[in-house]
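These figures come from a predicted structure and were not determined experimentally. Numbering of residues begins at 1 and proceeds along the displayed sequence.
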Amino acid sequence: MDGTTEQAPEEGTFTPATGDPVSGDPATAAFVAHRDLLFTVAYEMLGSAADAEDVLQETWLRWSAVGLDQVRDRRAYLVRITTRQALNRLRTVRRRREAYVGPWLPEPLLTSPDVAEDVELAESVSMAMMLVLETLAPTERAVFVLREVFAVEYDEIAATVGKSPAAVRQIAHRARARVRARRPRVAVGAREARAVADSFRRALEDRDTEAFLALLAPGVTLIGDGGGIRRAAVRPIVGAGQVARFYLGGGLRTEARVTCEPASVNGGPALAVLLDGALDSVMALRVEEGLVTGLYVVRNPEKLTRVTTPTPLTLR
């Protein structure tokens with residue numbers, strides 16, 4: 001909040017934070033109909049729900065000023081506005097993230113079971129993929145997300161990013177190659193991933209080092225994000241033994257009672273870790289071939305605001 005007094009919405013206005021229409025005018029109805037899609041586009045561009053919500057508000061302000069009789073495809077037009085606003089914000093937040101204390105992780109989103117069942121959607125918003133997208137330049141990221149995730153045509157992407165269709169094809173080719181080189185292997189199915197996460201939960205709650213180690217792949221990587229507010233690993237930790245020593249030996253306060261609640265975060269298995277009943281962190285798991293290959297632990301409290309209510313996501 002910016003500290004200003006919130007005024008009651010006037011007739012014909014829209015409250016982006018709630019997604020509820022205040023009136024039945026066509027502009028509002030179109031925005032509400034595509035709001036989940038627009039949020040998904042903005043989140044995949046930015047990795048931050050807070051920034052994505054700001055982008056949606058900016059999108060609404062521009063959309064509400066458009067004459068609908070001039071718009072042939074409202075969905076495409078809204079995606080174009082959202083992408084442009086996300087690109088502008090991405091260039092700003094990238095500079096901010098360069099000064100971030102410790103590793104930066106995307107803001108975790110509690111997601112509904114249907115997201116996990118949608119393999120394409122779950123992979124596109126997974127912690128692992130979102131980190132890969134962070135390695136792309138802003139325009140590369142926009143082109144890749146629009147083309148590979150949302151299947152937008154090259155001509156429309158060109159109009160969105162201000163490039164020629166030929167240039168966009170080259171950017172898309174380059175972005176695909178960069179993502180392919182870093183892309184994690186396809187994870188296991190949702191049911192198997194949940195079973196591994198449940199075993200992992202029991203090992204963590206029991207502080208059972210042997211069981212904990214048995215579930216970790218030899219080359220498992222742990223990335224922690226405390227944002228300089230909470231204690232976290234200052235750099236990624238690689239290796240089952242190193243991860244177990246860090247997390248069970250010091251990553252959690254040994255005197256605290258540890259409980260974990262299973263959750264689906266960014267379309268994948270996760271645990272909400274509570275110390276003495278208070279939320280301490282969210283741990284997203286990457287599971288491959290029955291073992292945990294990636295642990296993404298978000299402790300920064302400013303990033304834990306979207307893990308109590310599922311966030312609707314969609315590719316359509």
Side-chain angles (χ1 to χ4, degrees), residues 37 40-48 52 79 83 86-87 90-91 93-94 97-98 103-109 111 115-158 160-161 163-190 192-193 217-223 225 235-239 265-269 284-296 313-316:
L37 169 66
T40 308
V41 170
Y43 177 75
E44 293 212 19
M45 284 284 297
L46 296 162
S48 163
V79 168
T83 304
L87 260 175
L90 181 59
R91 295 184 178 106
V93 299
R94 282 172 72 93
R97 288 171 191 172
E98 290 174 358
W104 179 92
L105 285 173
E107 184 177 353
L109 303 179
T111 48
V115 174
E117 298 297 335
D118 186 331
V119 176
E120 185 180 4
L121 175 57
E123 182 184 9
S124 73
V125 298
S126 70
M127 286 287 191
M129 177 55 75
M130 296 292 286
L131 284 177
V132 172
L133 294 180
E134 280 292 308
T135 67
L136 301 179
T139 301
E140 284 183 323
R141 185 167 183 167
V143 170
F144 181 87
V145 166
L146 291 178
R147 181 60 187 169
E148 300 301 316
V149 179
F150 296 96
V152 177
E153 296 296 332
Y154 285 112
D155 287 351
E156 177 60 28
I157 298 174
T160 299
V161 300
K163 303 282 186 181
S164 70
V168 165
R169 288 178 184 274
Q170 291 180 339
I171 294 170
H173 177 76
R174 184 169 64 246
R176 277 195 297 269
R178 294 184 64 178
V179 170
R180 191 181 304 117
R182 299 171 174 85
R183 194 175 207 143
R185 290 181 297 171
V186 176
V188 299
E192 182 180 350
V220 61
T221 298
L222 181 150
I223 301 175
D225 180 341
R235 60 183 61 86
I237 298 173
V238 181
V265 167
N266 287 57
L285 283 67
R286 177 79 181 175
V287 179
E288 301 175 41
E289 298 179 352
L291 295 174
V292 176
T293 59
L295 287 167
Y296 310 96
L313 300 173
T314 183
L315 299 181
R316 299 161 189 88

Nearest-0.5 Å distance, [atom1] of residue [X] to [atom2] of residue [Y]:
{"X": "Leu295", "Y": "Thr221", "atom1": "CG", "atom2": "OG1", "value": "9.0 Å"}
{"X": "Arg178", "Y": "His173", "atom1": "CZ", "atom2": "NE2", "value": "13.0 Å"}
{"X": "Gln170", "Y": "Ser164", "atom1": "CD", "atom2": "OG", "value": "7.5 Å"}
{"X": "Leu146", "Y": "Glu153", "atom1": "CG", "atom2": "CD", "value": "11.5 Å"}
{"X": "Arg235", "Y": "Leu222", "atom1": "CZ", "atom2": "CG", "value": "13.5 Å"}
{"X": "Phe144", "Y": "Ile171", "atom1": "CZ", "atom2": "CD1", "value": "14.0 Å"}

What heavy-atom pair brings [X] and [Y] nearest, and what distance separates the two atoms?
{"X": "Val265", "Y": "Pro108", "answer": "CG1-CB, 3.6 Å"}
{"X": "Ala86", "Y": "Met45", "answer": "CB-CB, 3.9 Å"}
{"X": "Phe150", "Y": "Thr314", "answer": "CE2-O, 3.9 Å"}
{"X": "Leu46", "Y": "Ala52", "answer": "CD1-N, 4.0 Å"}
{"X": "Asp225", "Y": "Pro103", "answer": "CG-O, 3.6 Å"}
{"X": "Val168", "Y": "Ala158", "answer": "CG2-CA, 3.6 Å"}

Any side-chain heavy-atom pair from [X] and [Y] closer than 4.5 angstrom?
{"X": "Tyr43", "Y": "Pro106", "result": "yes"}
{"X": "Thr83", "Y": "Ile157", "result": "no"}
{"X": "Ser124", "Y": "Leu315", "result": "yes"}
{"X": "Met129", "Y": "Glu44", "result": "no"}
{"X": "Arg174", "Y": "Glu140", "result": "yes"}
{"X": "Val238", "Y": "Val220", "result": "no"}
{"X": "Ile223", "Y": "Leu131", "result": "yes"}

cation_pi(Arg147, Tyr154) dist<6.0 Å, angle<=45: yes
Leu109 backbone acceptor or donor facing Asn266 side chain under 3.5 Å: yes
Side-chain (Thr111) to main-chain (Gly267) donor-acceptor, under 3.5 angstrom: yes
Glu148 and Arg176: CA distance, side-chain angles, deciding distance, side chain to side chain contact (heavy atoms under 4.5 Å, CB included) verdict: CA-CA 8 Å; Glu148 300 301 316; Arg176 277 195 297 269; 2.8 Å; yes
N-O pairing of Arg141 and Glu134 below 4.0 Å: yes
